[in-house]
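Here, residue 1 is the first one in the sequence, and each next residue gets the next number.
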Amino acid sequence: QVQLVESGGGLVQPGGSLRLSCAASGFTVDEYTIAWFRQAPGQERDGVSCIRSSDGGTHGTTHYTDSVKGRFTISRDNAKNTVYLQMNSLKPEDTAVYYCAATPALRGLWGEDYEYDYWGQGTQVTVSS
């Protein structure tokens, strides 16, 4: 049974940092494309970052939405079967529920939520002074 469990959210001041974790079970993270999405109140769910599978020619390529480039880093720990999202220099506009998602075969655009088959329950990130 495939399961994704996010953790690491919380309240942080602007300029601060958080590291989100996405612990996977039922599959091996380096064989799947794993993405982080976020959804703020009243807004659509948007892709934040993704890490491609290590095989199939994608070699673990990473992608970021423009607003987080240079501030967020996605990574994968195969031994722990976990994907991380390190978030630095956080801004109030980063406030949202963050979800991780997984697919064994990304066929289209990484930032489209319909591309993903499995989702976690989400973790709240609030950036406020």
Is there a side-chain contact between [X] and [Y] (heavy atoms, below 4.5 Å)?
{"X": "Ile34", "Y": "Tyr116", "result": "no"}
{"X": "Tyr32", "Y": "Asp117", "result": "no"}
{"X": "Gln39", "Y": "Glu44", "result": "no"}
{"X": "Glu6", "Y": "Ser21", "result": "no"}
{"X": "Ser49", "Y": "Leu85", "result": "yes"}
{"X": "Trp36", "Y": "Leu20", "result": "yes"}
{"X": "Cys50", "Y": "Thr33", "result": "yes"}
{"X": "Val125", "Y": "Val127", "result": "yes"}

Dump the intermediate steps for side-chain contact (heavy atoms from CB on, under 4.5 Å) on Phe37 and Asp113, then the final yes or no. CA-CA 8 Å; Phe37 284 77; Asp113 58 5; 3.9 Å; yes
So the side-chain hydrogen bond (donor to acceptor under 3.5 Å, both in side chains) pairs with at least one residue in residues 66-81 (sequence neighbours excluded) are Arg38-Ser67, Asp66-Lys69, Arg71-Asp94
Neighbour count >12 (heavy atoms, 6.0 Å) for atom CD, Glu93: yes
Please check if the side chain of Thr103 supplies one atom and the backbone of Ala105 the other of a donor-acceptor pair under 3.5 Å. yes
Glu115 side chain vs Gly108 backbone, donor-acceptor pair below 3.5 Å: yes
Nearest-0.5 Å distance that lies between atom [atom1] in [X] and atom [atom2] in [Y]:
{"X": "Arg107", "Y": "Glu112", "atom1": "CZ", "atom2": "CD", "answer": "15.0 Å"}
{"X": "Leu18", "Y": "Met87", "atom1": "CG", "atom2": "CE", "answer": "4.5 Å"}
{"X": "Cys100", "Y": "Ile51", "atom1": "SG", "atom2": "CD1", "answer": "13.0 Å"}
{"X": "Gln13", "Y": "Ser129", "atom1": "CD", "atom2": "OG", "answer": "7.0 Å"}
{"X": "Ser128", "Y": "Leu90", "atom1": "OG", "atom2": "CG", "answer": "12.0 Å"}
{"X": "Leu4", "Y": "Thr82", "atom1": "CG", "atom2": "OG1", "answer": "10.0 Å"}

According to ring pair (Phe, Tyr, Trp, His ring centres under 6.0 Å), does anything in residues 78-99 pair up with another residue at least two apart or in another chain? List the pairs. none
Test Thr126 against Val12 for side-chain contact (heavy atoms from CB on, under 4.5 Å), laying out the working first. CA-CA 6 Å; Thr126 303; Val12 63; over 6 Å; no
Partner residues of Phe72 under the ring pair (Phe, Tyr, Trp, His ring centres under 6.0 Å) criterion, sequence neighbours left out: none
Hphob cluster co-occupancy, Val83 + Val97, side-chain heavy atoms under 4.5 angstrom: no
Does one hydrophobic cluster hold both Ile74 and Leu106, with members joined at side-chain heavy-atom distances below 4.5 Å? no
One pair to check against side-chain contact (heavy atoms from CB on, under 4.5 Å): Gln86 and Ser17. What are the steps and the verdict? CA-CA 7 Å; Gln86 178 66 43; Ser17 298; 4.0 Å; yes
